Amino acid sequence: MSGYVDILVGQGVEWGLLGPREPERIWSRHIMNCAALLEVIGEGVDVLDVGSGAGLPGLVIAIARPDLNVTLLEPLLRRFNFLEEAVDELGLDGQVLVERGRAEDLKQHFDVVTCRAVARLPKLLGWTMPLFLPDGELLALKGESIDEELADSADIIARNGLSAQVMQVRATPEVDVAHILRVQAG
Ligand SMILES: C[S@@+](CC[C@H](N)C(=O)[O-])C[C@H]1O[C@@H](n2cnc3c(N)ncnc32)[C@H](O)[C@@H]1O
């Protein structure tokens with residue numbers, strides 16, 4: 001993981017993918033927040049990380065869980081190029097695929113769709129439901145607005161027969177709790 005962190009705080013900041021204040025809190029605010037997903041993803045599944053940006057959470061997941069096949073989806077060219085270089089430098093080519101595009105245009109199925117800071121839940125569900133239904137799940141890292149977003153999504157959740165569960169997870173005892181929203185059929 002430290003090789004990826006070096007890339008994030010170096011090239012990630014240089015390329016403007018990460019703000020200048022982020023390096024000092026890269027572990028507490030970014031890596032450990034994403035690491036909360038590690039214990040809730042099943043064994044050996046195909047994962048799509050939507051709106052991967054600089055690889056959060058997709059690259060954290062791939063590095064920590066070599067059993068998973070991970071696709072990083074990112075529409076913006078500079079971020080896509082960054083991800084391709086990072087995957088190459090970290091030697092993850094056999095495990096991680098980088099695709100340039102938008103979630104709503106993708107026509108593939110995944111066991112797990114992850115995302116962090118991409119869109120509010122109603123929009124996110126509209127984009128990602130076709131990618132994980134009927135037998136997969138969405139695992140979205142969310143902030144304090146999670147309850148409000150769920151309330152705003154009540155219609156779409158009911159209409160599509162989905163169930164939604166909020167999990168509070170700490171990757172390690174000393175870090176802030178991460179709010180993970182799990183959405184599945186039924
Ligand atoms: C705020 S950034 C978050 C990046 C990263 N997930 C993180 O937590 O640092 C949002 C990312 O979502 C991407 N994005 C926006 N709309 C998207 C869409 N429709 N499909 C896939 N990615 C999208 C943006 O290009 C951007 O990289």
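Order of appearance sets the numbers: ligands from 1, and atoms from 1 within every ligand. These values consider heavy atoms only, across backbone and side chains, with no hydrogens, waters or symmetry-generated copies. Given the structure is predicted, the values throughout are model-derived calculations rather than measurements.
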Check each N or O atom of ligand 1 against all protein N or O atoms and list the pairs under 3.5 Å, with atom names and distances to 0.1 Å, one per line.
residue, atom, partner, partner atom, Å
ligand 1, 6 (N), G51, O, 2.9
ligand 1, 6 (N), L56, O, 2.7
ligand 1, 6 (N), R116, O, 2.9
ligand 1, 8 (O), R116, O, 3.3
ligand 1, 8 (O), R116, NH1, 2.9
ligand 1, 9 (O), R116, NH1, 3.4
ligand 1, 16 (N), R102, NH2, 3.4
ligand 1, 19 (N), E104, OE1, 2.8
ligand 1, 20 (N), A103, N, 2.9
ligand 1, 25 (O), E74, OE2, 2.7
ligand 1, 27 (O), E74, OE1, 2.6
ligand 1, 27 (O), E74, OE2, 3.2
ligand 1, 27 (O), R79, NH1, 2.8

Going from NE2 on H179 to OG on S145, what distance comes out if it is rounded to the nearest 0.5 angstrom?
9.0 Å
Looking at D176, I want to see if its CG is surrounded by more than 12 non-hydrogen atoms of other residues, nucleotides or ligands under 6.0 Å.
no
Any donor and acceptor pair, going by atom type alone, linking the side chain of R79 with main-chain N or O of G51 inside 3.5 Å?
no
Drop me the distance from L73's CG to F110's CZ, to the nearest 0.5 angstrom.
8.0 Å
Going from CD1 on I7 to CG on L18, what distance comes out if it is rounded to the nearest 0.5 angstrom?
12.5 Å
For Q168, does the CD atom sit with more than 12 other heavy atoms under 6.0 Å from it, leaving out its own atoms?
yes
